[in-house]
There are 2 protein chains.
Amino acid sequence: MIIPINTLVLLKRLSKTIKKLVNKKRTTIKDIANVLNISPAAVSKAMHGDSRISAKTIEAVKDVAKKLNYQPNHLASALRKGKSNLVGVIVPKTNSNFFSSVIQNIEEILNKEGYNIIITQSNESFKKECNNIDALLFTQVDGIIASMANETVDLDYYEKIKSYGIPLILFDRGENNLNVDYIGIDDYQSSHLIIEHLVSQGCKRIAHIGGFKHTRIYNNRIRGYVDAIKKHKLPLDDELLFESSLTIEDGREKMSQLLALKNRPDAVYVAGDYAALGALQVLKENNINIPKDIALVGFGNEPFTAMVSPTISSINQHSGEIGRQAALTFLERVKMPTVKQTLNKIILNAELIVRDSSNIN
Amino acid sequence: MIIPINTLVLLKRLSKTIKKLVNKKRTTIKDIANVLNISPAAVSKAMHGDSRISAKTIEAVKDVAKKLNYQPNHLASALRKGKSNLVGVIVPKTNSNFFSSVIQNIEEILNKEGYNIIITQSNESFKKECNNIDALLFTQVDGIIASMANETVDLDYYEKIKSYGIPLILFDRGENNLNVDYIGIDDYQSSHLIIEHLVSQGCKRIAHIGGFKHTRIYNNRIRGYVDAIKKHKLPLDDELLFESSLTIEDGREKMSQLLALKNRPDAVYVAGDYAALGALQVLKENNINIPKDIALVGFGNEPFTAMVSPTISSINQHSGEIGRQAALTFLERVKMPTVKQTLNKIILNAELIVRDSSNIN
DNA sequence: ATTGTTTGCTTAAACGATTAAGCAATTTGC
DNA sequence: GCAAATTGCTTAATCGTTTAAGCAAACAAT
């Protein structure tokens with residue numbers, strides 16, 4: 001028998017509960033249940049619009065919830081459901097336009113699906129990266145989307161993520177051996193784009209300041225450079241190819257070495273924009289005409305490439321799309337948790353933005 | 001009576017539990033308890049090194065925990081303890097050197113104390129900021145450290161944080177009316193630093209491209225500019241003072257307006273580096289000699305100020321120290337949760353980095 | 001009239017860790 | 001030698017939510 005509750009009684013119970021709350025804690029579904037004289041279970045179901053709860057009750061629950069300023073305790077539901085609705089994101093640095101933009105797009109997609117993201121930065125340090133992974137796993141994230149630090153060669157910590165049975169998605173800086181989803185651009189093809197462009201500008205002796213070979217993306221860029229040079233039957237000289245940490249300083253260093261050569265290059269393709277900036281500084285300090293004496297192309301399309309003078313040609317990696325694909329891939333994986341992860345690459349096309357540093361007319 | 005367990009029995013139970021785990025879930029303290037034939041409570045206490053648990057048991061527990069690859073369920077302990085050990089951080093953008101560096105330092109300090117941080121970006125959008133706050137509160141963070149979006153004037157959402165009874169700490173972009181802790185630099189004094197410097201370089205007609213007055217920091221910079229100009233008895237002309245969104249584009253726009261004046265300034269102080277960059281571009285396009293014809297000073301010491309040519313003088317905000325102080329303030333607040341929050345400002349001194357754009361010799 | 005189905009809830013057991021309270025057994029103090 | 005203190009655990013409740021199972025009451029079908 002349902003006892004009809006008149007408004008007066010309801011109001012009384014409401015004010016009583018409110019009083020309790022003032023000197024106690026936050027509202028729980030139990031409080032709402034007490035006010036309406038129903039069970040907490042019914043409240044929980046009403047909140048989720050369960051079809052077995054009457055429209056009247058649902059409305060009443062929502063009404064009281066609002067009045068009591070009810071905020072669901074995420075920890076409790078996460079514990080019960082075995083799902084935190086949190087996704088960890090690990091990037092080398094947030095203060096790069098590329099990563100910041102990737103993150104923004106991941107966030108946009110995942111927020112819509114009820115996920116929140118936890119961003120951590122490794123600062124290119126392997127140790128920090130391990131700490132980040134531990135912290136994320138400790139927080140019970142439902143998955144991890146990561147781009148590896150330059151230093152990282154030991155994959156044990158990433159295997160640890162896999163052993164937890166949660167999806168791991170890599171982007172930009174990935175690793176084939178991990179056998180997980182990967183989203184990135186076609187680095188090999190990007191190198192071809194750059195060499196084609198430089199050749200079309202009349203360059204005949206093209207140097208490459210590359211990243212470390214052990215990182216896959218840089219290895220691909222180097223392979224692309226080598227093959228494209230071969231394709232055009234240009235000189236492929238050891239003294240024209242460097243491995244670099246791709247910092248501004250190292251860009252300066254390697255450019256200085258190139259300038260010291262007897263037979264200087266007439267174009268330099270740098271695998272990172274920061275190093276390209278360092279190279280640009282050295283060229284300017286030495287009064288080299290850019291691009292007529294030496295043309296310059298960077299990689300990453302960092303905003304400053306359009307700010308410096310001359311502006312630097314660079315590869316746009318479509319960070320937005322990478323972020324979106326990473327998020328979508330995670331969502332797919334989460335929907336089918338039983339399927340074992342396999343190496344699954346999504347390779348996007350990159351785009352060369354030609355600016356003054358390589359525009360010879 | 002304690003039944004002595006021989007190694008064989010223990011090993012048997014261990015392998016049995018391991019088998020269970022293979023097709024089930026993660027190790028819990030209950031599993032460990034079963035292996036050692038003690039209660040889960042004892043396991044929990046052993047993990048925390050409770051003095052009432054014998055050294056033998058503690059060692060045994062840790063040993064089994066390692067063997068079973070036990071990882072504590074953070075959600076469960078957080079729920080029970082009413083503490084998530086998560087701190088939310090809200091910034092307008094992560095891809096600025098200032099914010100990225102602040103975040104890094106917050107993280108460093110808080111990680112040491114067992115906290116993890118959740119970074120969210122508002123993209124200078126008020127709506128996004130509100131969403132971020134909701135998301136963080138939903139995740140049951142133990143506190144929020146934030147820098148407000150340019151757009152934000154309505155403080156209801158920040159009041160909401162306060163009503164949760166968790167610490168709220170603001171940095172850089174704050175608001176007096178909220179009555180919470182604030183960490184920032186002395187913007188008023190920074191303007192004085194800049195004007196003193198420009199005066200010492202011989203400048204006599206100094207313009208200011210400022211931020212929006214409704215944002216406190218920009219208001220302080222404007223006030224500092226006005227007072228310093230008055231102090232040196234320089235012309236304080238309406239046409240020399242602008243409010244701006246401080247983007248590159250707006251910097252260009254405002255600089256063009258200054259150049260259109262009959263009586264041009266001989267120095268421009270821009271309240272943000274990006275806008276200063278825009279101003280620089282316009283000056284160069286008009287073949288104005290920097291700094292001889294017009295000197296330029298920015299604000300924020302973004303890395304590109306040292307990259308462009310001429311390099312731009314700017315104010316270093318000591319982002320690291322701001323981050324550290326914000327984190328430490330949070331830790332203090334968390335330790336004394338009963339004390340009501342009050343307006344408590346920590347104002348750090350800023351430093352002017354003089355570069356080519358204002359170095360007249 | 002009898003059985004079956006649907007509706008609208010309740011009950012109670014989880015999720016995994018923590019902790020107040022309690023209870024033997026052992027040690028210490030005098 | 002006996003009370004008091006200490007040691008080393010156990011028991012059971014708790015955090016707030018979800019959910020499987022169940023149970024009346026109402027309605028529908030035959």
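Letters A, B, ... mirror the listed sequences (proteins, then strands); counts begin at 1. A quick note: this is a predicted structure, and the numbers were derived from the prediction, not measured. Any value given below was found using the heavy atoms of this structure, including those in side chains, with hydrogens, waters and symmetry copies removed.
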Looking at every strand, decide which applies to A/H74 at a 4.0 Å heavy-atom threshold: base, sugar-phosphate, or nothing.
nothing
Which residue, A/K45 or B/K30, contacts DNA chain C at a nucleotide closer to its 5' end, judged by nearest heavy atom?
A/K45
Report yes if a side-chain nitrogen or oxygen of B/S54 is closer than 4.0 Å to either non-bridging phosphate oxygen (OP1 or OP2) of D/dC9; otherwise report no.
yes
Rounded to whole Å, the OH-C1' distance (B/Y70 to C/dG16) equals 8 Å
Please determine, by modelled atom types, if A/E129 and A/Y158 share a side-chain donor-acceptor pair under 3.5 angstrom.
yes
Do A/T27 and A/Q71 have side-chain atoms, one donor and one acceptor, less than 3.5 Å apart?
no
Heavy-atom side-chain contact between B/L110 and B/F330 under 4.5 Å:
yes
Within the structure shown, what part of the strands sits under 4.0 Å from B/S39 by heavy-atom distance: base, sugar-phosphate, or nothing?
base
From the set C/dA17, D/dT10, C/dT10, return the single nucleotide nearest to any side-chain atom of B/N73.
C/dA17
Specify the separation, in whole Å, of atom CD1 of A/I38 and atom P of D/dT17.
14 Å
To the nearest 0.5 Å, what is the distance between OG1 on A/T139 and CD1 on B/I117?
11.5 Å
Among the candidates C/dA17, D/dC15, C/dT19, find the nucleotide nearest to the side-chain atoms of B/L79.
D/dC15
Here's a test of your reading of the structure: between A/M47 and A/R52, which maps to the more 5' nucleotide of DNA chain D?
A/M47
Is the distance from OP1 or OP2 of D/dT18 to the nearest side-chain N or O of A/S44 less than 4.0 Å?
yes
Salt-bridge criterion met for A/K128 and B/E107 (N-O under 4.0 Å):
yes
Tell me: CZ of A/R80 to C1' of D/dT18, nearest whole Å?
4 Å
B/K83 (side chain) and C/dT18 (base): donor-acceptor pair under 3.5 Å
no
Starting at CZ of B/F138 and ending at C1' of D/dG16, how long is that distance when rounded to a whole Å?
13 Å
Measure from CG on A/N37 to C1' on C/dC9 and round the result to the nearest Å.
13 Å
Relative to the 5' end of DNA chain D, which residue comes earlier, B/A76 or B/S51, by the nucleotide with the nearest heavy atom?
B/S51
Side chain of B/K81, base of D/dT14: donor and acceptor closer than 3.5 Å?
no
Between C1' of D/dC15 and CD1 of A/I29, the distance in whole Å:
12 Å
Are B/D31 and B/Y70 linked by a side-chain donor-acceptor pair shorter than 3.5 Å?
no
Can you find a side chain N or O atom of B/T57 that sits less than 4.0 Å from OP1 or OP2 on D/dC9?
yes
What's A/L75 touching, base or sugar-phosphate or nothing? Going by heavy atoms closer than 4.0 Å.
nothing
To the nearest Å, give me how far apart NE2 (A/H48) and C1' (C/dC9) are.
17 Å
Which whole-number value in Å describes the distance from A/R26 CZ to D/dT14 P?
20 Å
